[in-house]
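Presented below is the structure to which this report refers.
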Amino acid sequence: MNRPGLLLAGGNVYVAFGSVGDTIPWYGFVMAYDATTLAQVAVLNTSPALAQGGSIWGGGQGPVADEAGNVYVITANGDFNANTGGSDYGTSFLKLNGSNLSVLDYFTPDNQLYLGNHDIDLGAGGPLLIPGTTLLLGGGKDGFLRVVDSANMGKFNSGFNADVQEWAAISGRIMGGPVYWNSPTLGPVVYMWGDGEPLRAWSFNGQTFQTSPVTQSTMLNSTGYSNMAPLSISSNGGTAGTGIVWAATSLSGDANGGTVPGQLWAFDAGDLTNELWDSQQNSSRDGVGSFAKYAPPTVANGKVYAPTFSGQLLVYGLLSALEFGITAAPSSQSVVAGS
């Protein structure tokens, strides 16, 4: 199942795959294709030895690449034996050579076995490379965000985690990825919106995150197993007052295994208590239809594009200003003398 988004980097298109229902045998795959000819360049199987696990889900987030051309993914539950010289990388952050997809480095939590045995996929969420740093940020079904240094990822230690930082960001499941903005008022921040919870932002000091939200919405997301809201950011660069967090959510009901109505939101990225707009304010005109989970809104050329499970791609934009005017119209009227 190709749930992750695609990555275009260094002349290649990278495609990642998970399983369908964890039916044995199942694997995680990353495949690279020449962007011009579509010839296959490289393939990585994340769990070839024991043929079980290592799916790459990402919740719609694609792999990411750094300036050196290295590619990063996060794998889900499954076999792990890389610490003993094996080739299985379940429940791990992976750094891959962009040319041949060989594993250059990795990070695996010390509770990998527990996470794997209980289907608490680390790879349910996708990775984010924090601009201007060597740091990766990502999380999974345990609700923890983990900061990993791509220059020295820490590998696996049974007694401790050699990542930079980790904290319980949301109480539910991370099934998607955080989004980043360098706010003129809050500084660098990342945003996530878990199911049944408010939209939150955490500030970044250049090395670690403040684990208490710097701002959060008063609106709650709908509750459901796979209802984490996919997010996008738009802004006029770093100009104050222009940052907008766009969110797609279920209007009601659990989107896991069923079709539910959707809703599109816009929040002030500098103050999440300030809701700017949502599609239910004029639902007859702006209603979403059926929610397409794991699909972030796309912002381009002043418009917001939102896919649906209703067989429609919706395009939102600013309404044209009403055009009207007042013109003097001379008139004549008879007046009786002396009246």
All pairs passing side-chain hydrogen bond (donor to acceptor under 3.5 Å, both in side chains) where residues 298-308 contributes a residue, at least two apart = none
Go through the steps for Arg146 and Leu122 under the test side chain to side chain contact (heavy atoms under 4.5 Å, CB included), then give the verdict.
-> CA-CA 10 Å; Arg146 293 173 170 86; Leu122 183 66; 3.3 Å; yes
Cluster membership besides Tyr294, Ile/Leu/Val/Met/Phe/Trp/Tyr side chains within less than 4.5 angstrom, sorted by chain and number, is Met175, Tyr225
Asp163: salt bridge (charged side-chain N to carboxylate O under 4.0 Å, His left out) partners, not counting sequence neighbours = none
Please lay out, stage by stage, how Val260 and Leu251 fare under the test side chain to side chain contact (heavy atoms under 4.5 Å, CB included).
-> CA-CA 7 Å; Val260 297; Leu251 176 61; over 6 Å; no
Residues Thr108 and Gly90: closest non-hydrogen pair is CG2-O, 4.2 Å
Between the CG atom in Asp110 and the CZ atom in Phe160, the distance rounded to the nearest 0.5 Å is 9.0 Å
Sub-6.0 Å ring centroid separation between Phe156 and Phe80 = yes
For Val147, which fellow cluster members are found when Ile, Leu, Val, Met, Phe, Trp and Tyr are connected by side-chain heavy-atom distances below 4.5 angstrom, either directly or through intermediates?
-> Leu128, Ile130, Leu135, Leu137, Leu145, Val164, Trp167, Ile170, Ile174, Tyr180, Val190, Met192, Trp202, Phe204, Phe209, Met228
Does Gln207 CD have over 12 foreign heavy atoms under 6.0 Å away?
-> no
What heavy-atom pair brings Ser290 and Ser310 nearest, and what distance separates the two atoms?
-> N-OG, 2.7 Å
Looking only at side chains, do Asn205 and Gln210 share a donor and an acceptor under 3.5 Å apart?
-> no
Closest heavy-atom contact between Pro198 and Ser217?
-> CB-O, 3.3 Å
Can Thr223 and Asp195 be counted as having a side-chain donor-acceptor contact under 3.5 angstrom?
-> no
Which heavy atom in Asp34 sits nearest to a heavy atom in Val41, and how many Å separate them?
-> N-CG2, 3.4 Å
In terms of heavy-atom contacts, Pro213 and Arg200 come closest through CG-CD, 3.6 Å
Using the rule that two of Ile, Leu, Val, Met, Phe, Trp, Tyr join whenever any of their side-chain heavy atoms come within less than 4.5 Å, decide whether Leu101 and Tyr89 are in one cluster.
-> yes
Side-chain heavy atoms of Val30 within contact of Val73, under 4.5 Å | yes
Within the 6.0 Å centroid threshold, strictly below: Phe93 and Tyr106 | no
Interatomic distance, CG@Asp278 vs CG@Leu264, rounded to 0.5 Å, equals 8.5 Å
How many angstroms lie between atom OG1 of Thr46 and atom CG of Leu94, to the nearest 0.5 angstrom?
-> 7.0 Å
Atom pair OG/CG of Ser92 and Asn83 - distance to nearest 0.5 Å | 9.5 Å
Taking only distance into account, with no hydrogens and no angle test, what donor-acceptor pairs under 3.5 Å do side-chain atoms of residues 2-15 form with protein atoms, sequence neighbours excluded?
{"residue": "Asn2", "atom": "ND2", "partner": "Pro4", "partner atom": "O", "Å": "3.3"}
{"residue": "Asn2", "atom": "ND2", "partner": "Ala16", "partner atom": "O", "Å": "2.8"}
{"residue": "Asn12", "atom": "ND2", "partner": "Tyr14", "partner atom": "OH", "Å": "3.3"}
{"residue": "Tyr14", "atom": "OH", "partner": "Gly98", "partner atom": "O", "Å": "2.5"}

Is there a side chain to side chain contact (heavy atoms under 4.5 Å, CB included) between Val299 and Trp246 once you walk through the steps?
-> CA-CA 9 Å; Val299 185; Trp246 299 93; 3.8 Å; yes
Minimum side-chain heavy-atom gap Val148-Met153 below 4.5 Å = yes
Is Ser183 reaching over with its side chain to a backbone N or O of Thr185, donor-acceptor style, under 3.5 angstrom?
-> yes
Examine the side chains of Asp286 and Gln281 and answer whether a donor and an acceptor come within less than 3.5 Å of each other.
-> no
If you look only at pairs with a residue in residues 62-81, which of them pass as a side-chain hydrogen bond (donor to acceptor under 3.5 Å, both in side chains), with sequence neighbours excluded?
-> Asp66-Asn70, Asp66-Tyr72
Contacts of Ser226 meeting side-chain hydrogen bond (donor to acceptor under 3.5 Å, both in side chains) (sequence neighbours excluded), chain-then-number -> none
Check which hydrophobic residues are tied to Trp265 through side-chain heavy-atom contacts below 4.5 Å, counting indirect links as well, and list them.
-> Val179, Trp181, Leu186, Val189, Tyr191, Trp193, Leu199, Val214, Met219, Leu231, Ile233, Val245, Phe267, Leu272
Which heavy-atom pair separates Ser250 from Ser222 by the least distance, and what is that distance?
-> O-OG, 2.9 Å
Worked verdict on Thr134 versus Asp149 for side-chain hydrogen bond (donor to acceptor under 3.5 Å, both in side chains) | CA-CA 6 Å; Thr134 58; Asp149 188 350; 2.6 Å; yes
For the pair Asn182 (side chain) and Gly238 (backbone), establish whether a donor and an acceptor sit closer than 3.5 Å, ignoring hydrogens and angles.
-> no
When clusters are formed by joining ILVMFWY residues with side-chain heavy atoms under 4.5 Å apart, either directly or through shared neighbours, do Phe309 and Leu314 land in the same one?
-> no
Show me the donor-acceptor pairs, under 3.5 Å and distance only, between side chains in residues 53-65 and residues at least two apart or in other chains.
{"residue": "Ser55", "atom": "OG", "partner": "Ser19", "partner atom": "N", "Å": "3.2"}
{"residue": "Ser55", "atom": "OG", "partner": "Ser19", "partner atom": "OG", "Å": "3.4"}
{"residue": "Ser55", "atom": "OG", "partner": "Trp26", "partner atom": "NE1", "Å": "3.2"}

Could you go step by step and tell me if Glu166 and Asn161 meet the side chain to side chain contact (heavy atoms under 4.5 Å, CB included) rule?
-> CA-CA 9 Å; Glu166 55 185 60; Asn161 284 332; 3.1 Å; yes
Other ILVMFWY residues reachable from Leu115 by side-chain steps of under 4.5 Å = Tyr114, Ile120
Qualifying salt bridge (charged side-chain N to carboxylate O under 4.0 Å, His left out) pairs with a residue from residues 212-221, counting only residues at least two apart or across chains | none
Would you give the length of the straight line joining atom CZ of Phe107 to atom CG of Asn157, rounded to the nearest 0.5 angstrom?
-> 9.0 Å
To the nearest 0.5 angstrom, please state how far the CG atom of Leu104 sits from the CG atom of Asn100.
-> 7.5 Å
Is there a donor-acceptor contact under 3.5 Å from the side chain of Thr242 to the main chain of Asn236?
-> yes
Sorted by chain and residue number, the side-chain contact (heavy atoms from CB on, under 4.5 Å) partners of Asp268 (sequence neighbours excluded) come out as Asp271, Asn274, Leu276
Spell out, as yes or no, whether a donor-acceptor pair under 3.5 Å connects the side chain of Asp121 to the backbone of Gly123.
-> no
